[in-house]
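Written below as structure tokens is the structure these notes are about.
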2 protein chains.
Amino acid sequence: MSIDVGGHLRAVRMMYGLSQRELAKRAGVTNGTISLIEQNRVSPSVSSLKKVLDGVPMSLADFFTLDLQESPQVFYARDELADIGDRDVSLRLVGAKRANRAMTIMHERYRPKADTGADMLSHKGEEGGIILTGHIELTVGGQSRVLGPGDAYYFASAVPHRFRNVGDEPCEIISASTPPTF
Amino acid sequence: MSIDVGGHLRAVRMMYGLSQRELAKRAGVTNGTISLIEQNRVSPSVSSLKKVLDGVPMSLADFFTLDLQESPQVFYARDELADIGDRDVSLRLVGAKRANRAMTIMHERYRPKADTGADMLSHKGEEGGIILTGHIELTVGGQSRVLGPGDAYYFASAVPHRFRNVGDEPCEIISASTPPTF
DNA sequence: CCGTCGCGTCTATTATTCTAAACAGAATCC
DNA sequence: GGATTCTGTTTAGAATAATAGACGCGACGG
């Protein structure tokens with residue numbers, strides 16, 4: 001058994017601020033069971049582990065997936081967002097570049113007249129966002145539209161697309177894309 | 001036991017074109033064990049299930065995650081965002097509910113004192129966001145922090161978490177989560 | 001037809017896990 | 001200081017899972 005089920009369960013229980021007895025009661029097992037499992041003195045059956053996790057509640061999938069996320073940074077002050085843009089388009093990332101994440105969340109800022117280039121972008125995945133300020137022309141496939149504050153978009157990234165700030169003021173967007181492009 | 005570990009294991013074994021005996025040999029268990037597990041006549045211990053899966057090979061996380069996996073509108077005017085919140089917390093979705101998407105992007109608005117409930121939330125996937133206005137206290141696992149305009153967050157949704165508007169003004173957030181929770 | 005090989009299932013025994021209850025330490029209260 | 005109440009741990013016995021090997025079934029070849 002390479003995986004530390006016991007320590008893992010203990011960590012989960014602690015995160016929820018439960019005692020062994022509290023969790024045991026919710027889960028319908030005895031506190032001794034939790035104790036033995038947490039000490040890795042037994043390897044619980046799937047059914048009993050499921051009962052225990054139901055008391056949290058947490059799925060088995062989540063339980064076994066959890067160790068992937070040890071303790072990455074959770075909070076980011078506004079000046080901690082990594083700026084990876086150029087002169088005309090500022091892209092400020094939530095989280096570091098190339099981190100092991102499922103998504104990229106960005107604060108984008110387009111100068112007046114700025115665009116993402118004459119060539120249409122096309123890559124894997126999906127992306128969407130909401131416009132905060134300014135006006136941007138978004139072209140996706142054949143369609144094109146000017147979006148203003150509060151408007152939003154969502155499309156498959158494989159469809160060729162292009163952003164262009166058609167207004168006189170900067171345009172700000174919060175966007176998300178999966179899988180991460182940065 | 002709501003989850004069909006046995007049928008699940010059988011499906012995995014079939015996908016790899018292995019017989020019970022072949023898999024048993026690779027895994028270092030007996031064929032009877034595999035048979036009993038697949039018929040759900042026993043609930044294997046985590047350690048023995050791990051041994052079995054090592055013979056495939058497949059991780060426990062993958063095993064329990066597996067069953068989860070089984071021309072859309074592009075532009076959304078601000079009043080087209082579906083509001084699925086309640087009185088205290090407004091959640092305005094980019095795209096329809098239950099659409100087949102890889103992400104959920106939302107414009108969230110918390111009234112003063114509003115929170116996501118005393119019980120900590122916990123679900124699969126990852127989520128992040130950027131604060132637009134107001135101040136919100138975010139608790140993730142053990143850590144807690146008050147975030148203001150421009151600040152951001154990103155974490156694995158399986159870690160218990162909670163949002164609470166600690167300021168006197170509404171708090172607005174643009175958030176994204178994957179896979180979609182709505 | 002019979003032997004052989006593959007398959008999955010079943011049974012008796014052994015090994016392990018789970019329960020119930022006792023135990024020990026620390027904090028709180030009067 | 002001696003209950004009370006909260007921790008987590010330990011133990012004997014009951015419940016459950018794993019093993020080794022037998023069993024039945026079907027396919028293939030001699």
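The phosphate of C:dG8 (OP1 or OP2) has a side-chain N or O of B:R13 nearer than 4.0 angstrom. Distances shorter than 4.0 Å separate some side-chain N or O of A:S48 from OP1 or OP2 on C:dC18. Distances shown here put every side-chain N or O of B:Q20 at or beyond 4.0 Å from the OP1 or OP2 atom of C:dC7. In this model, the phosphate group of D:dT7 is approached by a side-chain N or O of A:S19 to a distance below 4.0 Å at OP1 or OP2. Checking the phosphate oxygens (OP1, OP2) of D:dT7, no side-chain nitrogen or oxygen of A:R10 falls inside 4.0 Å.
A heavy-atom distance below 4.5 Å is found between the side chains of B:L49 and B:F63.
Distance from the side chain of B:T30 is smallest for D:dA20 among the nucleotides C:dC7, D:dA20, D:dA18. Among D:dA17, D:dT10, D:dT9, the nucleotide with an atom closest to any side-chain atom of B:S43 is D:dA17.
Spacing between atom CG of A:L9 and atom C1' of D:dG8 amounts to 13 Å, rounded to whole angstrom units. Counting to the nearest Å, the C1' atom of C:dT19 and the CG atom of A:N31 are 10 Å from each other. Protein atom CG of A:L49 is 18 Å distant from nucleotide atom P of D:dT16, rounded to whole Å. Atoms CD (B:E22) and P (C:dC7) sit 6 Å apart, rounded to a whole Å. Distance, A:R21 CZ to C:dA20 C1': 11 Å, rounded to whole Å. What separates CZ of B:R41 from P of C:dT9 is a distance of 9 Å, to the nearest Å. Atom CG of B:L36 and atom P of C:dA15 are 18 Å apart (whole Å). The nearest whole Å value for the distance from the CD atom in B:Q39 to the P atom in C:dT9 is 4 Å.
Within the model, atoms OG of B:S45 and NZ of B:K51 stand 8.0 Å from one another, a figure rounded to the nearest 0.5 Å. Once rounded to the nearest 0.5 Å, the distance linking CG of A:N40 with CZ of A:R10 reads 9.5 Å.
No side-chain donor-acceptor contact under 3.5 Å links B:N31 to the backbone of B:Q20. In this structure a side-chain-to-backbone donor-acceptor pair under 3.5 Å is missing from B:R164 to B:E137.
Backbone-only engagement by A:S45 is indicated by non-hydrogen atom pairs under 4.0 Å involving sugar-phosphate atoms exclusively.
In this structure, B:I34 and A:P44 both approach DNA chain C, and ranking their closest nucleotides by distance from the 5' end singles out B:I34.
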